[in-house]
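First comes the structure, then the notes that go with it.
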Amino acid sequence: MTVGRYAPSPSGRMHLGNLLCCLLAWLSAKHQGGRVVLRVEDLDAARCPRRYADLLQADLAWLGIPADEGGDKGGPAAPYFQSERSDIYQQYFDLLCKKGLVYPCFCSRGQLHAPSAPHLADGQVLYPGTCRDLTPGEVAARSARRPPAWRVRVPEEVVSFTDGHLGPYAQDLARECGDFLLRRADGVFAYQLAVVVDDALMGVTEVVRGADLLSSTPRQLWLYRTLDLPAPGFVHLPLLLDADGRRLSKRDGDQSLEHLQQRYTPEQIVGKLAFVCGLQSAPDPRPAADLVDAFSWEKVPKTDLCLPEGLF
Ligand code: GLU
């Protein structure tokens, strides 16, 4: 059975981009007769107060796309809040350590983001491997001054996969990703490790998420393989832009659910989003459940989606 998932980081109210992602994840799973798990990605607990997770669950129910498992509902893979799963991440972190793949990194933020640091196409900084080969003596001396972050050593390997919507994608791990963080210096595990462990242990078979995470997928697939965990299929959806071509963010307050709920019914919001992503030809009100049968990824464009002026 298809198991989809919502994996929001509730640091504020959902905006239209989050809603579109949830709607498509739900429709894709339901169209295949599957179910959806809600995992709250609140690794950075200080940035994700519980009240936003509560609101998010109420919002999903209001929109007619509640999760079948997870969140406060619980289920066989509980807990579903990443802030409560550190012990589990620790086990997989230890496994990578045993394989000799993990090393401490003492680089400061300033060093990592220096203008001379190699930058990737998406603006991210490629870690140049500064701490990759420190001697035990160097590690001991630096540890006495500051606690390290922890990185995983990626191999010289091109990882490729076929995205369920965007097609073939390949990445040279050493050159386009670099040794990435598994754990921050303050002890918080990194998204890349947590997401892989969680999707595997929660039995997720289909990951639907924004195209901004496409370039994270090869390193995640490599982690699945290295940790001997079953990998899901990946479907990345185009990003939702405002009428000026800017990415929507939680800062655009008027497009947050808090404001949308005052102006529109759930059916109106779902209908407008379905129109924007090609699932219906006009922005007519529509309950999410009515879109399940005719859902197809083929109707959804592959390039960024622009919200027409005045639609919301
Ligand atoms: N928590 C991430 C976000 O809200 C999504 C992670 C994922 O879908 O893999 O952007």
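The figures here come from the full heavy-atom set of this structure, side chains too, leaving out hydrogens, waters and symmetry mates. We count ligands from 1, going down the list as the structure has it; atoms in each ligand are counted the same way. Everything numeric here is computed off the predicted structure, so don't read it as measured data.
Shown in contact with Tyr191 at under 4.0 Å from a heavy atom are these atoms of ligand 1, numbered in order with element: 6 (C), 7 (C), 9 (O). Atoms of ligand 1 found under 4.0 Å from any heavy atom of Leu213 (numbered from 1 in listed order, with element): 5 (C), 6 (C), 7 (C), 8 (O), 9 (O). Applying the 4.0 Å criterion to heavy atoms of Arg5 picks out, from ligand 1, the atoms 7 (C), 8 (O), 9 (O). Taking every non-hydrogen atom of Glu41 and a distance limit under 4.0 Å, the qualifying atoms of ligand 1 come out as 1 (N), 2 (C), 5 (C), 6 (C). Shown in contact with Arg209 at under 4.0 Å from a heavy atom are these atoms of ligand 1, numbered in order with element: 7 (C), 8 (O), 9 (O). With ligand atoms numbered from 1 in the order given, ligand 1 contributes 9 (O) to contacts under 4.0 Å with heavy atoms of Val195.
Here the side chain of Glu176 pairs a donor or acceptor atom with the backbone of Asp172 at under 3.5 angstrom. Under the 3.5 Å distance criterion, the side-chain polar atoms of Gln261 are left unmatched by any main-chain donor or acceptor of Glu258.
The distance from atom CG of Leu95 to atom OG1 of Thr226, rounded to the nearest 0.5 Å, is 10.5 Å.
Shown here are the ring pair (Phe, Tyr, Trp, His ring centres under 6.0 Å) partners of Trp297, two or more places apart in sequence or in another chain: His165, Phe295.
Residue Ala7 has at least one nitrogen or oxygen atom sitting less than 3.5 Å from a nitrogen or oxygen atom of ligand 1, judged on distance alone.
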Would you mind writing out the side-chain donor-acceptor pairs for residues 146-155 within the sub-3.5 Å range, not counting sequence neighbours?
| residue | atom | partner | partner atom | Å |
| --- | --- | --- | --- | --- |
| Arg151 | NH1 | Asp179 | O | 2.9 |
| Arg153 | NH2 | Arg132 | O | 3.2 |

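Neither the backbone nor the side chain of Gln192 has a heavy atom within less than 4.0 Å of ligand 1.
In this structure, Asp290 and Glu267 have side chains that are not in contact, with every pair of non-hydrogen atoms separated by 4.5 Å or more.
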